[in-house]
Amino acid sequence: MALGRGVAGLEAASPVNGDLGRLAELFLGAARPVAFTGAGVSTESGIPDFRSPGGLWDRFDPSEFTYRNFIGSVGGRRKYWDLGRVTYPVIRAARPSAAHVALAELHRLGRLDCCITQNIDDLHQRAGLPADKVIELHGNATRTRCLECGAAYTRDEVHAWLEASDEVPACPRCGGIVKPTTVLFGEAMPAAELREAERRARAADLCVVLGSSLVVYPAAYMPVHAKHAGATLAIVNLEPTPLDAQADLVIRDKAGAVMAAVVEEIRTGTARREPSERPEALERQPAP
Ligand code: NAD
């Protein structure tokens with residue numbers, strides 16, 4: 001497999017090994033490929049993940065950022081917004097990584113049904129993946145809402161309030177609690193997104209996990225649902241995950257380089273092949 005530069009602006013992985021070619025074949029052969037992404041697709045955009053060394057949980061105590069603390073007291077909200085003062089500008093300044101760009105390109109090539117993401121950074125959409133193809137299980141940090149009257153404010157607006165004063169943000173219309181539309185620890189997942197993600201995972205014939213430790217539930221059930229329903233499961237992650245043993249393909253490498261190479265191979269491979277020569281999806285593994 002000869003790979004040069006990737007899709008505009010993408011660096012293809014080098015050297016290319018057999019696993020990348022196999023992942024490209026899986027995308028080529030699948031009728032309903034679904035991507036499941038985690039914080040690892042955004043580390044290459046400069047947004048730290050939670051669990052890698054030097055990640056956010058090395059610097060902040062996760063037990064302080066619960067839904068109960070946020071709702072329960074001004075002090076709890078102040079802690080949250082103090083963290084947001086530091087983290088939001090990083091999200092705002094980040095540019096989509098090669099992995100985000102590759103997934104948007106896969107969709108344009110008709111090779112991606114949807115992307116189920118745990119990420120809250122809006123980078124899949126900013127890379128060009130249509131919003132209705134991104135199922136956000138943990139919400140989106142770029143939007144906020146008043147819990148009393150439902151008024152919506154962009155995070156940019158709320159960030160400007162934070163920069164202008166030390167006050168904990170409150171709704172200018174009714175004084176209610178303004179909360180980012182992200183899911184905090186201990187908060188219920190958005191029901192519609194969860195349902196849709198489960199449906200798409202179960203209907204998938206290929207599920208490709210990119211940059212997730214697969215330890216956060218119920219999100220991590222999505223690849224499990226896909227696998228149990230008969231999909232081929234591929235995992236691209238820098239570190240081992242609890243689902244590696246169930247996966248048909250594990251690539252321990254950077255998501256951006258891998259996906260750039262895969263997209264390039266799909267573009268050149270599709271051009272090379274007659275439709276009748278296209279690989280069939282891999283034989284399904286029986287559900288464990
Ligand atoms: P995680 O931090 O638990 O795991 C990230 C995984 O990605 C790690 O196993 C790491 O080895 C791997 N990784 C890091 N860089 C990589 C790269 N370049 N290529 C491939 N793999 C790479 O993240 P998670 O599984 O998404 O779960 C944590 C929770 O954190 C989620 O609920 C998510 O909402 C939230 N989160 C989101 C963001 C974001 O939106 N960018 C950032 C931090 C945390």
Side-chain angles (χ1 to χ4, degrees), residues 10-11 13 19-20 23 35-60 62 65-67 80 83-84 86-103 115-127 129 134-143 155 180-190 193-194 197 207-224 234-244 247 249-262:
L10 299 182
E11 291 294 336
D19 284 345
L20 301 195
L23 186 55
F36 176 85
T37 61
V41 293
S42 296
T43 53
E44 293 172 57
S45 297
I47 302 176
D49 61 12
F50 279 168
R51 291 174 182 78
S52 291
L56 281 179
W57 291 157
D58 279 355
R59 292 184 277 150
F60 299 97
F65 300 96
T66 60
Y67 181 67
Y80 178 89
L83 175 64
V86 180
T87 55
Y88 181 64
V90 176
I91 290 178
R92 198 68 200 87
R95 296 283 167 266
S97 69
H100 297 110
V101 174
L103 288 172
C115 176
I116 302 170
T117 189
Q118 300 171 88
N119 294 344
I120 56 170
D121 54 30
D122 209 44
L123 287 177
H124 285 301
Q125 294 91 325
R126 284 170 56 198
L129 197 55
V134 185
I135 304 173
E136 294 175 317
L137 291 177
H138 294 160
N140 187 306
T142 67
R143 297 190 286 268
R155 184 66 177 268
T181 60
T182 47
V183 176
L184 302 184
F185 291 107
E187 182 176 2
M189 305 267 288
E193 280 80 357
L194 194 55
C207 179
V208 179
V209 174
L210 298 165
S212 174
S213 60
L214 293 175
V215 298
V216 177
Y217 285 88
Y221 281 128
M222 301 308 147
V224 176
I235 297 177
V236 182
N237 202 59
L238 283 179
E239 293 171 321
T241 81
L243 287 189
D244 286 3
L249 178 62
V250 175
I251 300 178
R252 199 139 312 142
D253 208 336
K254 288 193 166 182
V258 168
M259 291 307 293
V262 163

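Order of appearance sets the numbers: ligands from 1, and atoms from 1 within every ligand.
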Taken in chain and number order and not counting sequence neighbours, the residues that satisfy ring pair (Phe, Tyr, Trp, His ring centres under 6.0 Å) with Tyr67 are none
* Asked: Short question: side chain of Thr182, backbone of Ala141 - any donor-acceptor pair under 3.5 Å?
  -> no
Taking only non-hydrogen atoms of Gly38 and a 4.0 Å limit, the atoms of ligand 1 in range are 26 (O)
Note: ligand 1 atoms sitting under 4.0 Å from heavy atoms of Ile47 are 41 (N)
Ligand 1 atoms nearer than 4.0 angstrom to some heavy atom of Thr43 are 14 (C), 15 (N), 16 (C), 17 (C), 18 (N)
Is there a donor-acceptor pair under 3.5 Å between the side chain of Ser45 and the backbone N or O of Arg95? yes
Q. Mind checking whether Ala99 has a heavy atom under 4.0 Å from ligand 1?
A. no
**Message:** Given 3.5 Å as the limit, does a donor-acceptor pair link the side chain of Asp49 with the main chain of Gly40, or not?
**Reply:** no
Item to complete: For residues Val236 and Leu23, determine if any side-chain heavy atom of one lies less than 4.5 Å from a side-chain heavy atom of the other.
Response: yes
Open item on the list: Considering both backbone and side-chain atoms of Gln118, is one of its nitrogen or oxygen atoms within less than 3.5 Å of a nitrogen or oxygen in ligand 1?
Closed with: yes
Note: Asn119, heavy atoms under 4.0 Å from ligand 1, region reported as both
Is there a heavy atom in Asp253 that sits closer than 4.0 Å to ligand 1? yes
Quick note on ligand 1: atoms under 4.0 Å from a heavy atom of Pro48 include exactly 42 (C), 43 (C)
Examine the side chains of Gln118 and Thr37 and answer whether a donor and an acceptor come within less than 3.5 Å of each other.
no
Should Arg126 and Asp121 count as an ion pair when the cut-off is N to O under 4.0 Å?
no
Going by the 4.0 angstrom heavy-atom rule, the piece of Ser42 near ligand 1 is side chain
Under 4.0 Å from one or more heavy atoms of Glu44, ligand 1 contributes atoms 17 (C), 18 (N), 19 (N)
In ligand 1, the atoms that come under 4.0 Å of a heavy atom of Gly211 are 5 (C), 6 (C), 7 (O), 21 (N)
Next on the checklist: Could you check whether Glu136 pairs with Arg143 (Lys NZ or Arg NE/NH1/NH2 to Asp/Glu carboxylate O, under 4.0 Å)?
Outcome noted: yes
Side-chain (Asp122) to main-chain (Thr142) donor-acceptor, under 3.5 angstrom = no
The single option from Val209, Val215, Ile235 that satisfies side-chain contact (heavy atoms from CB on, under 4.5 Å) with Leu243 is Ile235
Min over Ser45, Ala39, Ala255 of heavy-atom distance to atom 23 (O) of ligand 1 lands on Ala39
Ligand 1 to Gly40, heavy atom cutoff 4.0 Å, flagged ligand atoms 5 (C), 7 (O), 13 (N), 14 (C), 15 (N), 16 (C), 17 (C), 18 (N), 19 (N), 22 (C)
Taking distance alone, with N or O pairs closer than 3.5 Å, would you say Ile120 contacts ligand 1? yes
In ligand 1, the atoms that come under 4.0 Å of a heavy atom of Lys254 are 19 (N)
Logged contact type for Asp121 with ligand 1, heavy-atom cut-off 4.0 Å, is both
